[in-house]
Amino acid sequence: MSSQRLTTAEPEDTVEVTGRGADLLRDPMLNKGTAFSPEERRLLGIEGLMPFKSTTQAHQAARIYEQLHAQPDDLQRYLLLSALQNRNTRLFYRLLREHLEELMPIVYTPTVGLATQRFSRVFQSGSGVWITPDMKGRMQDVLRGILRSRTIRLLVVTDNESILGLGDQGAGGMAISVGKLALYTAAAGIDPDQALPVSLDFGTDNETLLADDQYLGWPAKRLRGAEYLALVDEFVAAVQALMPEALVQWEDFRKDNALAILDRYSNRLPSFNDDIQGTGAVVVAGLNSALTIKRERLVDQRIVIFGAGAAGLGVARQIRAQLAEEGADYERRATPVGDDQRAAVVAVLDRNGLLVDDGAIRDAYKRELAWPAAVALQQGFGPGKPRHLFDVVAQFKPTMLIGVSGVTGAFDERLVREMAKHVERPVIFPSSNPSSQCEANPADLYKWTGGRCLVAAGSPFPDVDYGGKRYRVGQGNNVFVFPGLGLGALAVRAQRVTNQMIQAASKTLAAQITKEELASGLLFPSVARLRVVSVAVALAVARQAVRDGVAGVSEDAIDRAIAATAWEPDYPSLEPV
Ligand code: NAD
């Protein structure tokens, strides 16, 4: 972006620029399009490059909004917004902020899923950085050349292999990094000039992409093992050298790499994995909302997690973290809760069924998720007992069912009716994204449970009319956590993202939901309140960072630090040097 800005007054209302004429129109952080005033046009050599009328940003936003509605489908709307973002960043954020609830499904899930799949076919221009294997040994130089004087404080980095529930999307995974950062700015006011979307394009195993002559990414099979890790190491070293204050969000890596990377770098640089930790925080916040309605406690639940991937692991870990935190409380109860009883709260299934640690599980992370054989036996799953989803629901009688499998329609009528036989208010989260991969349609869940279920989905769904009542469907999406988590960590210059910071984000999110929202069927706040929620999450995360001794500022400086991080999309006045 701009190398032309010289000084920025505080607040950013006047900026001196060296660039002139068409150069300014090509700089998305400085371009105002038709909103350049007559005086700016004269002084900056823009006269004649725009039609006569000088407009306001609000006027421009109304024009683009009208154009959006004239598009034939969501992908075209995505492309229009993406072009706007690359042409006039401030106007893009003005529009996104004003219509966040309506436009989030376009810039993010579900439409962004389609954008990753069609990426090479619809590509117009890039706004992030693709790192490819040919940059080995030169990554720092390449990045230095791209960034020039920009200060980067936040990166969303994907290696494109596990995009939403869509799998390996090669270089097109960039659309996810771009979309997440758009939400960081819209929800938490992160300066987009300080944010960098990155795709680690070390190949793809998607045969359709490799066979497509139009595919624009690195045209080879994925690098794996030591070769892969050496490239990620070099990238991390370049980030540490050139962007020493930056926070890294690891995004949409396949679970083995996701875990390896999280373990490898979490103590080396401030970083977190959104698919594991963000998902855990958000889903457990929703479970806590359901518990508020049911007036019950987590330890008394029987929870089934369907899908033992990155998201399933994150949810299980977060539930266990909350159980451990509440543990001291249980110990004081008249009837203490034993280890086995606590272990039995969560049952996890992968594509082969219930995970039981019978000595045959090879993946270490799956052993972490599996029931000890003794617990399985206690729960009626001795050797030879069927362990598929329906069998587990019928035998274990879960009170909560969470779908993070990407298996469309896995929560079918027979299964849901079986679950609803055993529990008054079944809590069901078909969390897989995009909507096409969702385990159940919320409208069906209301129908099959006679309106008794408590539901949240991963993608946006319309309101449900059932039994004379209208229910709003909460979106149990990481977007309620990562912008606030990132803002809190950045504002206090956290050196690490601790598990307690993630826990603080989860609890704060649950506390943000209002009585009215709960009464309307929502288990998550309305997306319209995303900004308020994100700031509350940021405050809690920042305080926790101070408590954990990883912050670079003291407790009394937190409010100021968060306020100072806020970026506004208003145009500054531009003056020639
Ligand atoms: P992943 O590939 O790491 O894991 C998917 C898991 O599902 C695997 O363990 C696999 O064993 C299991 N699975 C696949 N088919 C199955 C079957 N037929 N029966 C049982 N299990 C099966 O993917 P992930 O990153 O964990 O994401 C999973 C889904 O969760 C995706 O659709 C993703 O979009 C969604 N997700 C939603 C949110 C949210 O905010 N709502 C956050 C993260 C992930």
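Each ligand, and each atom within it, is numbered from 1 in the order the structure gives. Just so you know, these numbers come straight off a predicted model, no measurement behind them. Residues take their numbers from the sequence shown, with the count starting at 1.
- Ranking the protein heavy atoms by distance from atom 10 (C) of ligand 1 puts R351 NH2, 4.0 Å first.
- Closest heavy-atom approach to atom 30 (O) of ligand 1 within the set P434, G314, S432: this belongs to S432.
- The only member of R222, R224, R254 that meets side-chain hydrogen bond (donor to acceptor under 3.5 Å, both in side chains) when paired with D205 is R224.
- When N433, N477, D350 are checked for heavy-atom proximity to atom 38 (C) of ligand 1, N433 turns out nearest.
- In terms of protein heavy-atom proximity, atom 27 (O) of ligand 1 is nearest to A311 CB, 4.1 Å.
- Scanning all protein heavy atoms for the shortest distance to atom 43 (C) of ligand 1 gives T279 OG1, 3.0 Å.
- Shortest contact from atom 36 (N) of ligand 1 to any protein heavy atom: S431 O, 4.0 Å.
- Nearest non-hydrogen protein atom to atom 41 (N) of ligand 1 is G476 O, 2.9 Å.
- Shortest contact from atom 9 (O) of ligand 1 to any protein heavy atom: A308 C, 3.0 Å.
- With values rounded to the nearest 0.5 angstrom, L415 atom CG is found 7.0 Å from F390 atom CZ.
- For atom 25 (O) of ligand 1, the nearest protein heavy atom (residue, atom name, distance) is A310 CB, 3.8 Å.
- Between atom CG of residue N478 and atom CD of residue Q249 there is a gap of 8.0 Å, rounded to the nearest 0.5 Å.
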